[in-house]
Asks: 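My questions will all concern the structure given below.
In what follows, every chain begins at residue 1, and chains take the letters A, B, ... in the order their sequences are listed.
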Amino acid sequence: MNQADPKPSLNFIEAIIEEDLRNNKNESRIHTRFPPEPNGYLHIGHAKSICLNFGLAEKYKGMCNLRFDDTNPTKEEEEYVESIIEDISWLGFDWEGRLFYASDYFDQLYEWAEKLISDGKAYVDELTSAEISEQRGTVTKAGEESPFRDRAVEENLELFRAMRDGKFKEGEKVLRAKIDMSSPNMHMRDPVIYRVLHESHQRTGDKWCVYPMYDFAHGQSDYFEGITHSICTLEFEIHRPLYDWFLDNLIDTKYRPRQIEFARLNISYTVMSKRKLLELVEEGLVNGWDDPRLPTISGLRRRGYTPEAIRNFADRVGVAKRDNVIDVALLEHSLREDLNVKAPRVMAVLNPLKVVITNYPEDKEEELPAENNPEDESMGSRMIPFSREIYIEKEDFMEDPPKKFFRLAPGKEVRLKNAYIINCESVVKNPDTGEITELHCTYDPETKSGMPNSAKKVKGTLHWVSAQHAIDAEVRLYDRLFLDEDPAGKKDGSDFKDYLNPDSLKILNNCKLEPDYAAAKAGDHFQFQRIGYFVVDTVDSVEGKPVFNRTVPLRDSWARKNK
RNA sequence: UGUCCGAUAGUGUAACUGGCAACACGUCUGACUCUGAAUCAGAAGACUCCAGGUUCGAACCCUGGUCGGACAACCA
């Protein structure tokens, strides 16, 4: 093996870029863009594309623009523009002021449409959309030409201007590129490039009543912005000949953008299409676009994901052209990896069971030191109150435990984290229901954490809170939204919503927390020791009364073994 | 029954472009542990879709097939 730096492997897009750089293509500029349509919220699939586009620009000392593809005023809204801007910024990317809209180019695009007409390469059609669809043919059968295909240039120009001037109703006339009705590629069969829409546009108002189609806007917008590598998902692959056709017929420069397609991200146990996400939101199956169970950026943020975790994840999933489904465990791994070093540790009891330490003085209380993060000494420590009555987790006690149960059971002893070793003496039950209501234990004062005699080994360590000091908190336990690995991929006719997990959200109202954390601020991350990572909800928390969302549970080899 | 794209451990991505199939996640062992977490050490797991061909040598090149995906909005 040569110890000289092993060539870092490139994904296929980086390979293309490096090849272009070697050939001094486009004067060795690298300029990408992220082009969302403002008709929905961004999801983690978009995050992959954002990381790719901005990441490439960064890696190759280029630039990356943000451009809203707003060519359809009937679907797009300002609310979406704002959320998209917020999400990209939150992920940590900067378009350095290069925020554009396809609508910025409507004048130029209109002129180019006239140019195409003048060159005899576009015509005004007056067939209905049903008729156009019918004569387009099928994937295996050539289409037929429209009777309006061979109008004179002057007539076309006149008609197109009349379209622009509002002389026609929607659907009455369209502008079509004159390409090839027998092309094996449906997109080349005289595609519609301009349509009449008597709709006010979020940005251009009532200036226009004709709007360009995606294909007539996208490549040209790339060209106007000097984009060199126009990266999009696989479904646009079949559009590429059209992308190139417009450039071939409209520009005459050495510089030219190139469209490159990669496979979109899919993740197990969720859905990743705007349409399906919209359906869940609109039908009230989740609580809005930022529901913590959704793979939207805003949902993940509210769930407690960090930008770093998402970016690391995006790096790890790779970039290629084959369809893929990423194991959600990889996402969760990236998250835990980041939170492990960042999140302060806290003791919180989700399902409290009272423990009375019978030999601990009734009026005594002490403050015990606890480190905030064993992974990072600089995060310091805090003092936590201890007293005669504490709460432990219900599931940390079993009356009749299996052999390898390292927790509390009658006659067994455990370490209370940061405190003493206790021994379980007796169990108090509700005489009517048989339910365990209380445990009576004794403690050994010599085993206090940090003391010389504290080194005694016990198998288990439990988290706990002092009953009289603990604060109550609401905790929301989020789980995966779907029970099936691939809810949208079924061929048996079932709907993705058939696989919704009925237990994707469990609300716990009687959780006990260390007293200091009443002051936790919205968005603060914590690790509830032995349980998982939690974040203070940004929507429903109120001053002094935080609501905690479970971001992700800790890995749990005990639970795994017992499955 | 058209065109385009794709196929490498369970999942995802590599393989210096023809030279010992590697990395990550996951799984399983073990060590350590005042978090059954983290960390550390190790293991299992791949006829590289199939069949031919070229070559000293093929995951990679060629031929043929199989399987999967995309495409017939006045959506993007």
Side-chain angles (χ1 to χ4, degrees), chain A residues 2 6-11 15 35-37 39 69-72 74-76 102 125 128-129 132-134 136-143 170-176 183-187 189 191-197 211 213-215 217-218 232 234-241 261 263 268 274 316-334 336-337 340-341 345 347 370 374-375 404-407 414-419 421 447 449-450 454-463 527-532 553-561:
Chain A
N2 42 343
K7 209 182 217 170
S9 69
L10 303 175
N11 66 49
E37 183 190 13
N39 70 339
D69 228 328
D70 58 347
T71 57
N72 187 352
T74 63
K75 289 188 167 181
E76 297 147 7
D125 201 351
T128 64
S129 97
I132 289 178
S133 166
E134 192 175 336
R136 198 184 323 264
T138 70
V139 288
T140 51
K141 204 179 77 207
E170 290 184 13
E172 208 174 329
K173 290 194 172 37
V174 292
L175 184 68
R176 291 229 257 168
S183 169
N185 182 337
M186 300 295 290
H187 293 276
R189 321 244 261 227
V192 172
I193 58 177
Y194 256 95
R195 78 286 216 188
V196 175
L197 249 26
Y211 293 93
M213 299 288 291
Y214 165 84
D215 287 303
H218 201 95
C232 60
L234 246 31
E235 66 263 34
F236 291 100
E237 199 158 33
I238 200 151
H239 293 243
R240 188 170 1 114
E261 313 84 14
S268 58
K274 273 196 215 172
R316 281 196 258 246
V317 298
V319 180
K321 294 189 72 165
R322 67 176 107 153
D323 294 331
N324 60 81
V325 181
I326 307 291
D327 190 336
V328 68
L330 183 62
L331 211 213
E332 295 179 343
H333 166 79
S334 302
R336 292 189 184 106
E337 175 185 60
N340 179 42
V341 299
R345 270 68 257 241
M347 291 202 284
E375 304 288 332
K404 289 242 180 173
F405 188 78
F406 299 155
R407 308 179 187 181
V414 294
R415 154 77 59 188
L416 292 177
K417 176 103 183 138
N418 304 311
I421 290 174
T447 59
S449 294
S454 69
K456 179 175 176 185
K457 297 282 181 229
V458 283
K459 277 164 289 184
T461 301
L462 307 189
H463 60 278
Q527 185 200 91
F528 287 178
Q529 284 185 120
R530 303 209 308 130
I531 301 175
L554 250 29
R555 281 183 51 136
D556 187 349
S557 56
W558 170 245
R560 230 178 311 143
K561 202 174 297 184

Asks: Specify the separation, in whole Å, of atom CD of A:E375 and atom C1' of B:U33.
Replies: 12 Å
Asks: To the nearest 0.5 angstrom, please state how far the OG1 atom of A:T74 sits from the CD atom of A:E76.
Replies: 7.0 Å
Asks: Which of these nucleotides, B:A76, B:A14, B:G36, is closest to any side-chain atom of A:R407?
Replies: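 Comparing B:A76, B:A14, B:G36 against the side chain of A:R407, the answer is B:G36.
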Asks: Tell me the interatomic distance from A:N185, atom CG, to B:C4, atom P, rounded to whole angstroms.
Replies: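 It is 10 Å, rounded to the nearest whole Å.
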Asks: Can you check B:U35 for me, syn or anti if syn means within 90° of 0?
Replies: anti
Asks: Any side-chain N or O of A:S133 below 4.0 angstrom from OP1/OP2 of B:A73?
Replies: yes
Asks: Determine whether any donor atom in the side chain of A:H239 lies under 3.5 Å from an acceptor atom in the base of B:A76, or the reverse, and answer yes or no.
Replies: yes
Asks: Which stems, defined as runs of 3 or more consecutive Watson-Crick or G-U wobble pairs with both pairing distances under 3.5 Å, involve RNA chain B?
Replies: B:2-7 with B:66-71, B:10-13 with B:22-25, B:27-31 with B:39-43, B:49-53 with B:61-65
Asks: In whole angstrom, what separates A:R530's CZ from B:U33's P?
Replies: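 To the nearest whole Å, that distance equals 17 Å.
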Asks: According to a cutoff of under 5.5 Å between the ring centres and under 30° between the ring planes, does A:W558 stack with the base of B:G36?
Replies: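 Stacking between A:W558 and B:G36: present.
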Asks: Base, sugar-phosphate or nothing for A:V192? Non-hydrogen atoms, less than 4.0 Å.
Replies: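 It contacts sugar-phosphate atoms only.
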Asks: OP1 or OP2 of B:A76 versus the side-chain N and O atoms of A:T71: is any pair under 4.0 Å?
Replies: yes
Asks: Do the side-chain N or O atoms of A:R189 get closer than 4.0 angstrom to the phosphate oxygens (OP1, OP2) of B:A73?
Replies: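 For B:A73, neither OP1 nor OP2 has a side-chain N or O of A:R189 closer than 4.0 Å.
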Asks: What is the distance, to the nearest angstrom, from the CD atom on A:E172 to the C1' atom on B:C74?
Replies: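 Atom CD in A:E172 sits about 13 Å away from atom C1' in B:C74.
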Asks: Among B:U3, B:G10, B:U35, which nucleotide has an atom closest to any side-chain atom of A:I238?
Replies: B:U3
Asks: Less than 4.0 angstrom between a side-chain N/O of A:K459 and OP1 or OP2 of B:G36, yes or no?
Replies: no
Asks: Please classify the nucleic acid contact of A:M347 as base, sugar-phosphate, or nothing, using heavy-atom distances under 4.0 Å.
Replies: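 No contact at all - A:M347 keeps every heavy atom at 4.0 Å or more from the nucleic acid.
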Asks: Given B:A76, B:U8, B:C34, which nucleotide is nearest the side-chain atoms of A:R322?
Replies: B:U8
Asks: Just checking A:R345: base, sugar-phosphate only, or nothing, at a heavy-atom cut-off of under 4.0 Å?
Replies: base
Asks: Within the 4.0 Å heavy-atom criterion, would you say A:Q529 contacts the bases, only the backbone, or no part of the nucleic acid?
Replies: base
Asks: Reckon A:R195 has a side-chain N or O less than 4.0 Å from the OP1 or OP2 of B:A76?
Replies: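 Yes, because at least one side-chain N or O of A:R195 sits under 4.0 Å from OP1 or OP2 of B:A76.
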Asks: Nearest whole Å is fine: how far is B:G68 P from A:N324 CG?
Replies: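 After rounding, the gap between these two atoms is 18 Å.
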Asks: What is the distance, to the nearest angstrom, from the CG atom on A:D556 to the C1' atom on B:U33?
Replies: 16 Å
Asks: Could you run down the sub-3.5 Å N/O contacts of the protein with nucleotides 28-30 of chain B?
Replies:
from	atom 1	to	atom 2	distance (Å)
B:C28	OP2	A:R560	NH1	3.1

Asks: Under 4.0 angstrom, heavy atoms only, what part of the nucleic acid is A:S129 near: base, sugar-phosphate, or nothing?
Replies: base
Asks: Which residue, A:V325 or A:A559, contacts RNA chain B at a nucleotide closer to its 5' end, judged by nearest heavy atom?
Replies: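 Closer to the 5' end of RNA chain B: A:V325.
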Asks: Quiz question: going by heavy-atom distance under 3.5 Å, is there a donor-acceptor pair between the base of B:U11 and the side chain of A:R316?
Replies: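 Counting by modelled atom types and ignoring angles, no donor-acceptor contact under 3.5 Å is found here.
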Asks: What is the separation between atom NZ on A:K141 and atom P on B:U3, rounded to the nearest whole Å?
Replies: 17 Å
Asks: 5'-most contact on RNA chain B: A:R336 or A:A263, nearest heavy atom basis?
Replies: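 Looking at the nearest nucleotide for each, A:A263 comes out on the 5' side.
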Asks: So, is A:S268 close to the B:U11 phosphate, meaning a side-chain N or O under 4.0 Å from OP1 or OP2?
Replies: no
Asks: In whole angstrom, what separates A:L331's CG from B:A24's P?
Replies: 19 Å
Asks: Using a 90° cut-off around 0 for syn, call B:A73 syn or anti.
Replies: syn
